[in-house]
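Start at 1 with the first residue, then count along the sequence. These numbers come from the heavy atoms of this one structure, side chains and all, not from hydrogens, waters or symmetry mates.
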Amino acid sequence: MEQENIQGQNMEGVEKEQEIQQDTAAENVAPADTDGKPVNNAGEETAVQGENNETRLMEKLAALNDSHLRLMADFDNYKKKTLKERAELIKYGGEGIIKNLLPIIDDFERALAAMPEGEDAVKDGVVLIHGKFLKFLQQSGVKEIATVGEVFDTDFHEAVTMFPAADESQKGKIIDCVQKGYTFHDKVIRYAKVVVAQ
């Protein structure tokens, strides 16, 4: 009798153990969708994480590409700027020397104006040297600014005095030049000092 009770208790314990195992197995089984197919939530989460990673990588790639393009544009602008500065340096490099030569030309012209007319070896020598200086300046890109008879232009001329015009056609025009002006490669290096009719 006792044996039967022990066997009955053992049977009840085994049945309870089987029920617990079935419940645990049921919890571990993936839930089924409406068709009765098991649903894999872990796979969906992995897919969503993969898409998020891919999106982040694409954004990072776009940002790096944009940064690279900006850097290339900045470098290209830097190259253009330095080439332009170098060209201007070569073009206008002798400007200081040319400016220092202008008073010598003025002195030659004053000397020529003070010399008496006629055939004179000294005068011929001064005319020859003056001509060579002018030729050198022209070859270097220096041009004299036109003055007498021209319309007064503040970009090239500096008015020293104003003088009453003899007639209406002369108003606003230059009637005399006090000091010649010069341009160096189309850049004014000395303004012409002039007398303007008003």
Side-chain angles (χ1 to χ4, degrees), residues 59-198:
E59 287 172 358
K60 192 172 184 181
L61 178 66
L64 286 172
N65 192 28
D66 183 56
S67 175
H68 175 71
L69 289 174
R70 287 177 189 274
L71 186 64
M72 290 297 289
D74 286 345
F75 182 68
D76 193 41
N77 289 340
Y78 170 75
K79 277 189 352 186
K80 287 177 185 175
K81 182 182 174 186
T82 53
L83 284 174
K84 184 181 177 184
E85 286 174 356
R86 185 176 174 196
E88 285 182 0
L89 185 64
I90 291 168
K91 186 175 182 180
Y92 298 110
E95 183 179 339
I97 296 169
I98 299 296
K99 279 183 179 179
N100 291 335
L101 288 176
L102 295 180
I104 298 169
I105 295 296
D106 294 338
D107 291 342
F108 268 116
E109 289 174 354
R110 279 193 284 274
L112 287 171
M115 286 184 176
E117 290 294 323
E119 292 292 324
D120 186 2
V122 174
K123 185 174 182 178
D124 291 343
V126 172
V127 169
L128 183 66
I129 295 168
H130 178 254
K132 284 185 178 181
F133 251 122
L134 289 178
K135 189 175 181 182
F136 165 74
L137 290 174
Q138 287 172 354
Q139 288 172 346
S140 299
V142 177
K143 292 180 186 171
E144 187 180 320
I145 296 172
T147 53
V148 178
E150 297 291 320
V151 176
F152 177 72
D153 185 356
T154 54
D155 291 336
F156 299 102
H157 309 119
E158 182 183 332
V160 177
T161 56
M162 304 290 274
F163 213 76
D167 59 79
E168 288 293 317
S169 64
Q170 281 191 330
K171 278 194 174 181
K173 289 189 177 179
I174 298 166
I175 54 174
D176 191 21
C177 179
V178 178
Q179 185 182 50
K180 289 184 178 180
Y182 296 92
T183 59
F184 181 54
H185 296 295
D186 302 323
K187 177 183 177 184
V188 177
I189 56 173
R190 187 169 83 181
Y191 290 91
K193 293 182 179 178
V194 295
V195 178
V196 183
Q198 65 177 29

Atom CE of M72 and atom CG of N77: how far apart are they, to the nearest 0.5 Å?
11.5 Å

Residues in side chain to side chain contact (heavy atoms under 4.5 Å, CB included) with Q198, at least two apart?
M162

To the nearest 0.5 Å, what is the distance between CD1 (I98) and CD1 (I105)?
9.5 Å

Main chain of V195, side chain of H157: is a donor-acceptor contact present, judged purely on distance under 3.5 Å?
no

Rounded to the nearest 0.5 Å, what's the gap from CG on D107 to CG on L112? Could you check?
11.0 Å

Would you call K91-E88 a salt bridge at under 4.0 Å N-O?
no

Heavy-atom pair with the smallest gap, counting every atom of E144 and Y182:
CA-CD2, 3.8 Å

Electrostatic pair D66:R70 at N-O distance under 4.0 angstrom:
yes

Which distance, rounded to the nearest 0.5 Å, do you find between the CD1 of I174 and the CG of D153?
8.5 Å

Identify the heavy atoms of A192 and T147 that sit nearest to each other, and give their distance.
CB-CG2, 3.6 Å

Could you tell me which non-hydrogen atom of V196 sits nearest to which non-hydrogen atom of A159, and how far apart they are?
CG2-CB, 4.0 Å

Tell me, do D155 and V188 make a side-chain contact under 4.5 Å, heavy atoms counted?
no

Nearest atoms (heavy-atom pairs only) where I175 meets A197
CG2-CB, 3.8 Å

Tell me, do L101 and V142 make a side-chain contact under 4.5 Å, heavy atoms counted?
no

Shortest non-hydrogen contact from P116 to K123?
O-NZ, 3.5 Å

Taking C-beta and beyond as the side chain, do D176 and F163 meet within less than 4.5 Å on heavy atoms?
no

Counting neighbours of CG on D186 that are heavy atoms of other residues, nucleotides or ligands and sit closer than 6.0 Å, is the number greater than 12?
no

Distance, nearest 0.5 Å, that separates CD of E158 from CZ of F152
8.0 Å

Measure from the side-chain N and O atoms of R190 to the backbone N and O of K180, and report whether any donor-acceptor pair falls under 3.5 Å.
yes

For I97, does the CD1 atom have more than 12 heavy-atom neighbours from other residues, nucleotides or ligands under 6.0 Å away?
no

NZ on K171 to NZ on K173, rounded to 0.5 Å:
13.5 Å

Would you mind reporting whether D106 and R110 have side-chain heavy atoms less than 4.5 Å apart?
yes

Could you check whether any side-chain N or O of S67 sits under 3.5 Å from a backbone N or O of A63, counting only pairs where one atom can act as donor and the other as acceptor?
no

